[in-house]
Undergrad: 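Below you'll find the structure I mean.
Predicted model only: the values in this text are computed from it and were never measured. The analysis underlying the following values was restricted to heavy atoms, covering all of them including side chains, and did not include hydrogens, waters or symmetry mates.
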Amino acid sequence: MWIIIQFGLVTILLLFSTLAAWYEGSAILDNPWEWKHSTPFSQMLYGQVHSKSHISQLDYFVYSAKFHPIFPSIMAISSLYLLILIGYYFLKPQHKRFAYFLLILGGGLFLLSYFFINSPSTGGKIFFYIWLVSGSLCTVTAIITYFQVLNRNKKDIKKWKKATACRIKNLRLICSDIRFVSGC
C-alpha cells in the first residue's frame with residue numbers, strides 16, 4: 001500500500017514539475033540569440049532555426065534546464081525516484097537482481113554526469129552534481145544490498161548445515177534402533 005502512495009505522489013510531482021519546466025522553457029521563444037545554443041532537437045529536425053515556429057517543444061526543456069534549473073531538477077529527481085520505486089516493486093523478492101539493477105542504474109547515472117562535466121551553464125553544473133550524487137548513492141546501495149544478500153545466504157547455509165547434522169544424527173539413531181530390533 002505504501003508503495004502505491006509513493007508512486008502516486010511522485011507521479012503528481014513529476015507531472016507538476018514537467019508542466020512548470022515546460023512553461024519556463026517557453027521563454028526561449030523570446031530569446032533568438034539562444035536559438036543557436038539551446039535548440040538541439042530543432043536543429044536535428046530542421047537544421048538551423050530561423051523562426052519561432054521551428055522550435056521543438058523538447059527544446060523548451062533544454063532551455064529551462066540551462067537557465068531555470070529548479071523544476072527540471074525536480075523532474076529529474078522524481079523520475080529517478082520513480083524508476084527506482086518501480087524496480088524495487090518488481091524486484092523486491094529477488095534482492096540480488098535489485099542490487100544488479102541499482103548497479104546498472106548507478107553506472108548509467110555516472111555516464112550521464114560525464115556529459116555534463118564541463119557545462120558552462122549553471123543548470124548544467126547542477127545536473128552534473130545530481131547525476132553524480134545519484135549514481136554514487138545507487139552504487140553504494142547496490143553494494144550494501146548485495147552484501148546483505150550474501151550475509152543472509154551464509155546464515156541460511158549455517159542453519160541448513162545445523163539442521164542437516166541433526167537429521168543425520170536422528171537417522172543414525174533410527175538405523176541403530178532398527179538394527180537392535182532386527183538383531184543385525
Undergrad: Mark yes when over 12 heavy atoms from residues, nucleotides or ligands other than Phe128 sit less than 6.0 Å from its CZ; otherwise mark no.
TA: yes
Undergrad: Can you list everything that forms a side chain to side chain contact (heavy atoms under 4.5 Å, CB included) with Pro32? Sequence neighbours excluded, please.
TA: Trp35
Undergrad: Between Pro69 and Gly123, what is the shortest heavy-atom contact and its length?
TA: CB-CA, 3.7 Å
Undergrad: For residues Tyr88 and Ile3, determine if any side-chain heavy atom of one lies less than 4.5 Å from a side-chain heavy atom of the other.
TA: yes
Undergrad: I need the Ile84 CD1 to Leu91 CG distance, nearest 0.5 Å.
TA: 12.0 Å
Undergrad: Between Ile28 and Phe61, does the side-chain contact (heavy atoms from CB on, under 4.5 Å) criterion hold? Intermediate values first, please.
TA: CA-CA 10 Å; Ile28 194 171; Phe61 295 109; over 6 Å; no
Undergrad: Show your working on side-chain contact (heavy atoms from CB on, under 4.5 Å) between Gln57 and Trp22 and close with a plain yes or no.
TA: CA-CA 8 Å; Gln57 300 286 317; Trp22 186 41; 2.7 Å; yes
Undergrad: Suppose we screen for side chain to side chain contact (heavy atoms under 4.5 Å, CB included). Which residues come up paired with Ser53, at least two apart in sequence or across chains?
TA: Ser51
Undergrad: Are any of the side-chain heavy atoms of Ser38 and Phe67 separated by less than 4.5 Å?
TA: yes
Undergrad: Is the closest side-chain heavy-atom distance between Phe116 and Leu132 below 4.5 Å?
TA: no
Undergrad: Side chain to side chain contact (heavy atoms under 4.5 Å, CB included) with Ala142: which residues, sequence neighbours excluded?
TA: Leu102, Leu103
Undergrad: Angle class for the Tyr146/Tyr100 ring planes (parallel below 30°, perpendicular above 60°, tilted otherwise)?
TA: tilted
Undergrad: How far does NZ of Lys36 sit from CD of Gln43, to the nearest 0.5 angstrom?
TA: 9.0 Å
Undergrad: In terms of heavy-atom contacts, does CD1 of Ile4 have more than 12 from other residues, nucleotides or ligands at under 6.0 Å?
TA: no
Undergrad: Nearest 0.5 angstrom please: Leu80 CG to Ile77 CD1, how far?
TA: 8.0 Å
Undergrad: Hey, could you give me the CG/CG distance between Leu29 and Asp59, rounded to the nearest 0.5 Å?
TA: 10.0 Å
Undergrad: Is Val133 reachable from Phe110 through a run of hydrophobic residues whose side-chain heavy atoms are each under 4.5 Å from the next?
TA: no
Undergrad: Check whether Ile12 and Ile74 end up in the same hydrophobic cluster, where Ile, Leu, Val, Met, Phe, Trp and Tyr are linked by side-chain heavy atoms less than 4.5 Å apart.
TA: no
Undergrad: Got a second to check how far Leu13's CG is from Thr18's OG1, nearest 0.5 Å?
TA: 9.0 Å
Undergrad: According to a hydrophobic-cluster definition based on side-chain heavy atoms being under 4.5 Å apart (Ile, Leu, Val, Met, Phe, Trp, Tyr only), do Ile144 and Leu85 belong together?
TA: no
Undergrad: Applying side-chain contact (heavy atoms from CB on, under 4.5 Å) between Lys66 and each of Ser121, Pro120, Ser119, report the one that passes.
TA: Ser121
Undergrad: Check this for me: Ile70, atom CD1, are more than 12 non-hydrogen atoms of other residues, nucleotides or ligands nearer than 6.0 Å?
TA: no
Undergrad: For residues Ser78 and Ser17, determine if any side-chain heavy atom of one lies less than 4.5 Å from a side-chain heavy atom of the other.
TA: yes
Undergrad: Answer whether the closest heavy-atom distance between the side chains of Ser113 and Tyr129 falls below 4.5 Å.
TA: no
Undergrad: Tell me, do Thr39 and Val62 make a side-chain contact under 4.5 Å, heavy atoms counted?
TA: no
Undergrad: Looking at CD of Gln148 and NZ of Lys96, how far apart are the two atoms once the value is rounded to the nearest 0.5 Å?
TA: 14.0 Å
Undergrad: Are Trp131 and Tyr114 in one and the same hydrophobic cluster, where Ile, Leu, Val, Met, Phe, Trp and Tyr link if side-chain heavy atoms are under 4.5 Å apart?
TA: yes
Undergrad: Check whether any side-chain N or O of Ser42 sits under 3.5 Å from a backbone N or O of Ser56 as a donor-acceptor pair, and report yes or no.
TA: yes
Undergrad: Taking the side chain as C-beta and beyond, is there a heavy-atom pair between Phe127 and Ser73 under 4.5 Å?
TA: yes
Undergrad: Can you find a heavy atom in the side chain of Phe16 that is under 4.5 Å from one in the side chain of Phe71?
TA: yes
Undergrad: Can you get from Leu109 to Leu111 by hopping between Ile, Leu, Val, Met, Phe, Trp and Tyr side chains that sit under 4.5 Å apart?
TA: yes
Undergrad: Could you check whether Tyr81 and Gln6, counting side-chain N and O atoms only, form a donor-acceptor pair closer than 3.5 Å?
TA: yes
Undergrad: Do you know the tightest heavy-atom contact between Tyr63 and Glu34?
TA: CE1-CG, 4.0 Å
